[in-house]
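Here's the structure we're looking at; comments come further down.
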Protein chains: 2
Amino acid sequence: MSVTIKDVAKAANVSVATVSRVLNKKSNVSEEAIQAVNSAVETLGYSPSFLGRDLRKSETRRILAIIASADQSFYSDVIRGMEVAAFAQNYDVLIATTHDDPAHEMHLLGMLFSRAVDGAVLLGPKLDAATINALGEKHNIAMCLERLDNCNVLTVTIDNVKAGRDAVNYLIRKGHKKIGLITTLQRSQSSIDREIGYKLALKDNGIPYNEEYVYFGGYETEQGMRGCEYFMHLPSPPTAIFSISDIIAIGAMNYALSKGYRIGKDLIFMGFDNIQYSHMFVPHLSTVEQPCYAQGKLVIEKLIENMKASNPDHSLYTLPHSLVLRESTGD
Amino acid sequence: MSVTIKDVAKAANVSVATVSRVLNKKSNVSEEAIQAVNSAVETLGYSPSFLGRDLRKSETRRILAIIASADQSFYSDVIRGMEVAAFAQNYDVLIATTHDDPAHEMHLLGMLFSRAVDGAVLLGPKLDAATINALGEKHNIAMCLERLDNCNVLTVTIDNVKAGRDAVNYLIRKGHKKIGLITTLQRSQSSIDREIGYKLALKDNGIPYNEEYVYFGGYETEQGMRGCEYFMHLPSPPTAIFSISDIIAIGAMNYALSKGYRIGKDLIFMGFDNIQYSHMFVPHLSTVEQPCYAQGKLVIEKLIENMKASNPDHSLYTLPHSLVLRESTGD
DNA sequence: TGTCACATTGAAAACGGTTTCACAATAATG
DNA sequence: CATTATTGTGAAACCGTTTTCAATGTGACA
C-alpha cells in the first residue's frame with residue numbers, strides 16, 4: 001500500500017539499515033549512499049512511519065496536556081510555555097480535553113499507560129489525589145496550575161493562599177474594611193486556597209471574618225452579577241470585592257455599573273487570572289496575574305527530567321504571582 | 001522492563017494469541033482462558049501497548065485538530081462537536097497549536113504523514129491552497145470554519161458572504177445608511193468573504209460604496225477602538241458599525257461608550273462569532289452566530305467517512321448561521 | 001466405527017522501523 | 001609486510017501487538 005523503508009532500500013540499491021542510517025544522519029555512511037537514498041526518498045515520496053519507529057525505540061517524544069476545556073483562555077499561555085520547553089528537546093505537545101469528566105480524564109491517561117505518549121500534564125484534574133498518586137508511581141505525570149492536597153506528583157503552581165492574601169491586603173490598604181469575597185461552590189484547591197488567603201488578610205488587619213461577606217456562586221459571569229447583587233442588598237454592603245476569577249469579577253462589575261456605582265471610588269474590585277479580556281472592559285479590571293508561560297515551561301522541563309531520571313522528582317514548585325492594578329481599584 | 005503480552009501469556013499459561021483474543025473480546029475462547037488471562041492482567045497490572053497494536057493494525061484511531069492558538073474561545077465548541085462525533089466511532093481527538101506559523105503547521109501535519117494520527121482537521125490554516133491541495137491528495141485532511149479558494153479538500157464552514165450580507169442588511173433595515181466596516185489586514189478568507197457580503201448588502205439597498213467607511217486593523221480589541229475613533233472623526237461618521245469579529249466590536253463599543261455615544265440609538269454595532277464574552281459587556285453585543293458545534297461534528301463525520309472510502313469526498317459543506325440581536329443594535 | 005463440523009488453541013508471520021553484530025575493504029601503524 | 005584500526009555495509013534480531021493458519025480435541029451424526 002504505502003511506501004516503506006524497504007521500497008526505498010530497493011530503489012536506492014542499499015539495505016534498509018543504510019536507509020535508516022541516512023535518514024537519522026548517523027555517521028559511517030558513504031556520500032554515494034546518502035545521495036542514492038535521498039533521491040529515492042524524493043522520487044517515492046517516502047515519509048517514515050512513526051508506528052515502526054516508536055515501537056522499536058519505545059518512545060514517542062510526545063507529551064499530552066490534559067485540560068478541562070478549550071475555552072479557558074489563560075490556558076493558552078501555559079500551553080505556549082509547555083510547547084517551547086518541549087520543542088527545545090524535540091518533544092511535541094498534544095492537548096486533549098476532559099470536559100470536567102473524571103472518567104474521560106482517565107480515558108485520556110490511558111494514552112499514557114498504553115505508551116501513545118511519553119508523559120502527561122494535568123491542568124486542573126478532576127480525579128482525586130489518591131488515584132493520581134497511584135498512577136504517578138508508575139507513570140510520568142505532572143500537574144500544573146492546580147495542586148492537590150496530599151498529592152505526591154510533580155506539581156508547578158503559584159501560592160494561591162499568598163496570592164489571595166496579597167490581593168485582599170491591597171484592598172484593605174486602599175482604606176476598605178468591608179471586603180466581599182465571591183468564590184465558587186465547585187471547589188478547586190486553588191479557589192479554596194484563595195479563600196484561605198482572604199481570611200488571613202482579614203486577620204492580618206484585625207478585621208473580623210463576616211460570613212455574610214462571602215458569596216458562593218459558579219464560574220460564569222452571571223454568577224458574578226448575582227454575587228454583587230446579593231452584596232449590595234445587605235444592610236451594610238461591602239465597599240471592596242475580591243473575586244476568585246476575572247470572569248466572575250467582570251460580572252460583578254457589570255452589575256455595579258448598571259446600578260450606577262462609581263467603580264474605583266465607592267466600590268473597588270479585584271479579580272484573578274488577568275485574562276486576555278480583562279483589559280477590554282471599561283473600567284479596566286485590577287487582578288492577580290500568575291506566570292502562565294513560566295509555569296508551563298517549568299513543568300515540561302521538570303517532567304522531561306523525570307522521564308530520564310531513575311528517581312523522579314515529585315516536588316511542588318511555586319512560582320511568584322503579581323498584582324496588576326488598574327481602574328477598578330482606583331489606580 | 002515493562003510488562004508485555006508475553007508476560008501475561010506466561011502467567012496465565014496460555015499463548016499470546018489467546019491473551020490477545022481475550023483482551024479484544026473475540027469469540028471462541030474458553031471460560032477458563034478468560035478467567036486466567038483476566039486475573040493475570042490484574043495481578044501484573046498489564047496495559048496493552050498502543051505502539052505494537054497501532055503498528056500491526058496500521059491505524060491509531062486518533063485525529064489531530066490543528067488550531068492557531070488555544071485562546072480563541074469559540075474553538076471550544078467546535079472541538080466539542082469534533083469530540084462527540086469522533087468518540088461515537090471510537091476515535092480520540094488531539095489538539096495541537098501552530099501559533100500562526102506555517103512551518104510549524106507543516107511540522108504538525110508530519111504527524112499525519114508519519115501515521116501518528118489517522119486524520120487531521122485544519123481550523124484556519126496558514127498554508128496556502130496549493131500546498132494543502134497536494135497534501136490532501138494523499139492524506140486524510142479536512143478543513144473547518146475556514147475555507148480556502150481553489151482548495152480541493154473536504155471543508156465544513158458557513159457562508160461568510162451571506163453572513164456579512166445578512167448582518168449589514170439588518171443594520172440597514174434598522175434605518176441606517178452610513179455603515180462602517182472594521183476588518184483586518186491579515187486577511188483570512190472568512191474576513192474577505194464578510195467584506196464581500198458587506199458590499200453586496202450596500203448594493204442590495206442602492207447605497208454607494210464609500211471607501212472611507214472601511215477600516216483595516218488587527219484582530220485585537222484595541223484595533224477596534226482605533227477603528228471607531230477613526231470613524232467618529234470623519235466629517236460624516238457612520239451611524240452603524242459592522243465588525244468582522246466580536247473582539248473588535250467590543251473595542252469599538254468601548255471607544256463609543258467612553259465618548260458618550262448612546263449605543264443602540266445614535267450608533268449601533270454588530271459583531272461576529274458570538275463569543276462567550278459577548279454577553280458580558282454592557283451593552284450586550286449583537287452578533288452573527290455560527291454553528292460551531294455542528295461544524296465540528298460534521299467535519300469529523302465526513303472525515304471518518306473519507307478514511308474508509310475509496311474515493312474521498314472533497315466537497316464544501318456550508319452550514320446556516322444566524323443573527324443574535326441584543327442591545328447594541330437597539331433590540 | 002468412520003466422517004464431519006465445530007470450538008479452542010498455539011506457532012509463526014506480519015506490521016515498519018532501529019540497532020546489533022559480523023564482516024569485508026580500506027587506511028594507518030609498527 | 002604483518003598487524004591493527006577504521007569505515008561502510010547488510011543480514012538478522014528486535015520492539016509488542018494482531019491475525020492467519022494449521023492442528024488438536026470433542027461431540028454429532030450416519
Side-chain angles (χ1 to χ4, degrees), chain A residues 1-38 40-41 44-62 90 110-118 139, chain B residues 1-38 40-41 44-62 90 110-118 139:
Chain A
M1 196 54 156
S2 125
V3 35
T4 78
I5 198 173
K6 276 184 201 160
D7 304 318
V8 177
K10 203 168 295 176
N13 228 3
V14 296
S15 71
V16 294
T18 298
V19 176
S20 177
R21 280 188 275 256
V22 171
L23 263 38
N24 294 291
K25 307 206 191 309
K26 291 273 169 66
S27 50
N28 294 342
V29 44
S30 70
E31 192 57 39
E32 307 116 88
I34 295 181
Q35 296 299 335
V37 168
N38 281 337
V41 165
L44 293 179
Y46 170 69
S47 179
S49 164
F50 283 167
L51 272 44
R53 163 194 311 218
D54 291 350
L55 173 59
R56 177 59 225 241
K57 303 183 90 166
S58 299
E59 72 165 7
T60 64
R61 299 228 143 224
R62 264 166 254 137
N90 243 304
M111 291 188 56
L112 178 60
F113 311 150
S114 314
R115 276 139 291 189
V117 294
D118 294 346
H139 301 97
Chain B
M1 196 55 156
S2 126
V3 35
T4 77
I5 198 173
K6 276 184 200 160
D7 304 318
V8 177
K10 203 168 293 175
N13 229 2
V14 295
S15 71
V16 294
T18 298
V19 177
S20 177
R21 280 189 274 256
V22 171
L23 262 37
N24 294 292
K25 306 205 191 312
K26 291 274 169 63
S27 52
N28 294 341
V29 45
S30 70
E31 193 56 40
E32 307 117 89
I34 295 180
Q35 296 298 334
V37 168
N38 282 337
V41 165
L44 294 179
Y46 169 70
S47 179
S49 164
F50 284 166
L51 273 44
R53 165 191 311 213
D54 291 350
L55 172 59
R56 177 58 225 239
K57 303 184 89 166
S58 300
E59 72 164 6
T60 63
R61 300 229 140 225
R62 266 167 253 136
N90 243 305
M111 293 188 55
L112 177 61
F113 311 150
S114 313
R115 274 138 290 189
V117 294
D118 294 346
H139 302 97

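Nothing here was measured: the structure is a model prediction, and the numbers come from that model. Throughout, a chain's letter reflects where its sequence line sits, starting with A, and its residues are numbered from 1.
Distance from the side chain of B:Asn28 is smallest to C:dT8 among C:dG16, C:dT8, D:dT9. Proximity note for B:Pro48 (side chain, C-beta onward) versus D:dT17, D:dT19, C:dT9: the nearest is D:dT17. Ranking D:dT19, C:dG17, C:dC15 by closeness to the B:Ser58 side chain, first place goes to C:dC15. Picking from C:dG16, C:dG17, D:dT18 the nucleotide with the shortest atom distance to the side chain of B:Leu55 gives C:dG16. Checked against C:dT19, C:dA12, C:dC15, the side chain of A:Ala17 finds its nearest nucleotide in C:dT19.
Within 3.5 Å, no donor on the side chain of B:Arg56 pairs with an acceptor on the base of D:dT17, nor the reverse. No hydrogens or angles were tested; on distance alone, nothing pairs the side chain of B:Arg53 with the base of D:dT17 as donor and acceptor under 3.5 Å. Side chain A:Arg21 to base D:dG10: a donor-acceptor pair is found below 3.5 Å.
In this structure, B:Val14 reaches the sugar-phosphate backbone alone: every heavy-atom distance under 4.0 Å involves primed, P, OP1 or OP2 atoms, never a base. Residue contacts for A:Ser20: at a heavy-atom cut-off of 4.0 Å it reaches a base atom on one of the strands shown. Nucleic acid contact class of A:Leu51 (heavy atoms, under 4.0 Å, all strands): none.
Note on the helix from C:dT1-D:dA30 to C:dG30-D:dC1: angle between the axes of the first and last five pairs equals 50°, rounded to 10 degrees.
Rounded to a whole Å, the CG atom of A:Leu23 is 15 Å from the C1' atom of C:dT19. The distance from atom CG of B:Asp54 to atom C1' of D:dG16 is 11 Å, rounded to the nearest whole Å. Rounding to whole angstrom units, CZ of residue A:Phe50 and P of C:dT18 are separated by 10 Å. Here C:dG16 presents its P atom at 14 Å from CD of B:Glu59, a figure rounded to the nearest Å. Put simply, CD on A:Glu32 is 16 Å from P on D:dT7, counting in whole angstrom units. Between B:Ile5 atom CD1 and C:dA12 atom P the separation is 17 Å, expressed in whole Å. Distance B:Lys6 NZ to C:dG10 P: 16 Å, rounded to the nearest Å. Here the C1' atom of nucleotide C:dG17 and the CZ atom of B:Phe113 are 19 Å apart, to the nearest Å.
Annotation for A:Leu44 and A:Ala11: closest pair CD1-CB, 4.0 Å, computed over non-hydrogen atoms. Across all their heavy atoms, B:Tyr46 and B:Val8 have their closest contact at CG-CG2, 3.5 Å. Minimum interatomic distance between B:Asn24 and B:Ser20 (heavy atoms only, all atoms of both residues): ND2-O, 2.8 Å.
The phosphate of D:dC15 (OP1 or OP2) has no side-chain N or O of B:Thr4 nearer than 4.0 angstrom. In this structure, A:Ser15 reaches the D:dG10 phosphate: one of its side-chain N or O atoms is under 4.0 Å from OP1 or OP2. One finds a side-chain N or O of B:Asn24 lying less than 4.0 angstrom from the OP1 or OP2 phosphate oxygen of D:dT18. Regarding contacts with the backbone of C:dT18, every side-chain N or O of A:Lys26 stays at 4.0 angstrom or more from both OP1 and OP2. At the phosphate of D:dC14, neither OP1 nor OP2 sits under 4.0 Å from any side-chain N or O atom of A:Lys57.
A distance of 11.0 Å separates CG of A:Leu23 from CD1 of A:Ile34, quoted to the nearest 0.5 Å. Atom CG of residue A:Asp54 and atom CG of residue B:Asp54 lie 9.0 Å apart, to the nearest 0.5 angstrom. Between B:Lys57 atom NZ and A:Leu51 atom CG the span is 12.5 Å, to the nearest 0.5 Å. To the nearest 0.5 Å, the span separating CE on B:Met111 from OG1 on A:Thr60 amounts to 8.5 Å. A distance of 11.0 Å separates CZ of A:Phe113 from CZ of B:Phe50, quoted to the nearest 0.5 Å.
When each of B:Asn13 and B:Arg115 is assigned the nucleotide of DNA chain C bearing its nearest heavy atom, the one mapping closer to the 5' terminus is B:Asn13. Mapped onto DNA chain C by nearest heavy atom, A:Thr18 and B:Thr18 fall at different nucleotides, with B:Thr18 at the one closer to the 5' end.
Considering only heavy atoms from C-beta on, A:Arg53 stays 4.5 Å or farther from B:Ser114 through its side chain.
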